[in-house]
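Below is one structure; the comments refer to it alone.
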Amino acid sequence: MGCRDRSELHPAAPERHHQPDRTDSANQRDSPYLNDGTCDPSGRFWAGTQCVPRRDDGALYSLETNGTIFKRLSGVTVSNGISFTADGRTMFYIDTLPHHAIERFTVAPDGALSNRSLVTDVSGGNPDGMTIDDDSCLWVAVWDAAEVRRYSPHGELLTTIKVPARRPTAVALAGTTLIITTASVGITDPDDLGGHLFAATAPVAGPAASTWGP
């Protein structure tokens with residue numbers, strides 16, 4: 001299983017004795033630090049970085065099943081949602097700023113990315129965490145919009161779920177139960193339920209989570 005903290009990517013298995021690849025210095029608060037991560041169907045763990053203050057010094061990395069780390073994308077500002085189709089050949093990705101969009105990549109058997117293209121712009125808020133369902137549709141938490149949206153793999157908006165918190169952060173599917181996390185940071189409205197965990201019923205189930213390893 002792949003593990004991450006705010007400055008390292010490393011395998012959890014102690015017998016691998018992998019030296020962590022430090023993507024920043026813990027003493028430099030404005031250096032890139034890790035954000036969302038997930039495993040693809042082939043067993044790689046992917047995670048991206050972001051910076052505060054915002055700039056395009058971040059990157060997207062993959063942790064291979066042998067413990068090797070590759071930088072797959074550079075010039076990232078706020079790496080967020082990462083999802084893969086069931087065959088692992090397509091990756092959907094959110095670099096929240098500056099484009100406020102969902103993008104698509106072709107994934108080669110060795111993990112190399114190509115054919116970057118736009119799936120859809122996300123208006124009215126900042127696209128944050130993302131998951132994929134069994135129809136290859138994308139569920140996206142939209143920060144500052146108080147919404148979770150379901151998009152087709154071609155970018156058509158299919159469903160909008162209102163959330164009683166302005167800042168949804170991430171989504172996950174457990175069968176047809178859609179789990180929604182939210183943030184309270186920067187929220188002063190006493191009626192906002194930021195920081196709570198919510199659940200809704202999805203029309204389609206999601207696949208079981210992939211795990212790290214061969």
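Counting begins at 1 with the first residue of the sequence.
No chain of hydrophobic side-chain contacts below 4.5 Å, direct or via other Ile, Leu, Val, Met, Phe, Trp or Tyr residues, connects Phe70 to Leu63. When hydrophobic clusters are built by joining Ile, Leu, Val, Met, Phe, Trp and Tyr residues whose side-chain heavy atoms come closer than 4.5 Å, directly or via intermediates, Ile132 is not grouped with Trp139.
We find the CH2-CG distance between Trp143 and Asn126 to be 8.5 Å, quoted to the nearest 0.5 Å. Taking CG from Leu60 and CD1 from Ile82, the interatomic distance works out to 5.0 Å, rounded to the nearest 0.5 Å. To the nearest 0.5 Å, atoms OG1 (Thr201) and CD1 (Ile161) are separated by 8.5 Å. Going from atom CD1 of Ile180 over to atom CG of Leu178 covers 4.5 Å, rounded to the nearest 0.5 Å.
With Thr169 contributing its side chain and Thr181 its backbone, the two residues share a donor-acceptor pair below 3.5 Å.
Minimum interatomic distance between Ala47 and Leu34 (heavy atoms only, all atoms of both residues): CB-CD2, 4.1 Å. Residues Asp135 and Asp133 share a closest heavy-atom pair of N-OD1, 2.9 Å.
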ask   = After noting the C-alpha distance and the side-chain angles of Thr90 and Val107, does the key distance pass the side-chain contact (heavy atoms from CB on, under 4.5 Å) rule?
value = CA-CA 5 Å; Thr90 301; Val107 185; 5.8 Å; no

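Asp192 and Arg167 are not joined by a salt bridge, as no carboxylate oxygen comes within less than 4.0 angstrom of a charged side-chain nitrogen. Salt bridge status for Asp191 with Arg166: absent, with no side-chain N to carboxylate O gap under 4.0 Å. Taking a cutoff of 4.0 Å between a charged side-chain nitrogen and a carboxylate oxygen, Arg72 and Glu64 qualify as a salt bridge.
Between Phe105 and Tyr93, the ring planes lie perpendicular to each other; the angle is over 60°, past the 30° to 60° tilted range.
Screening Leu173, Leu197, Thr131, Val171 for a side chain to side chain contact (heavy atoms under 4.5 Å, CB included) with Ile179, the sole residue that qualifies is Leu197.
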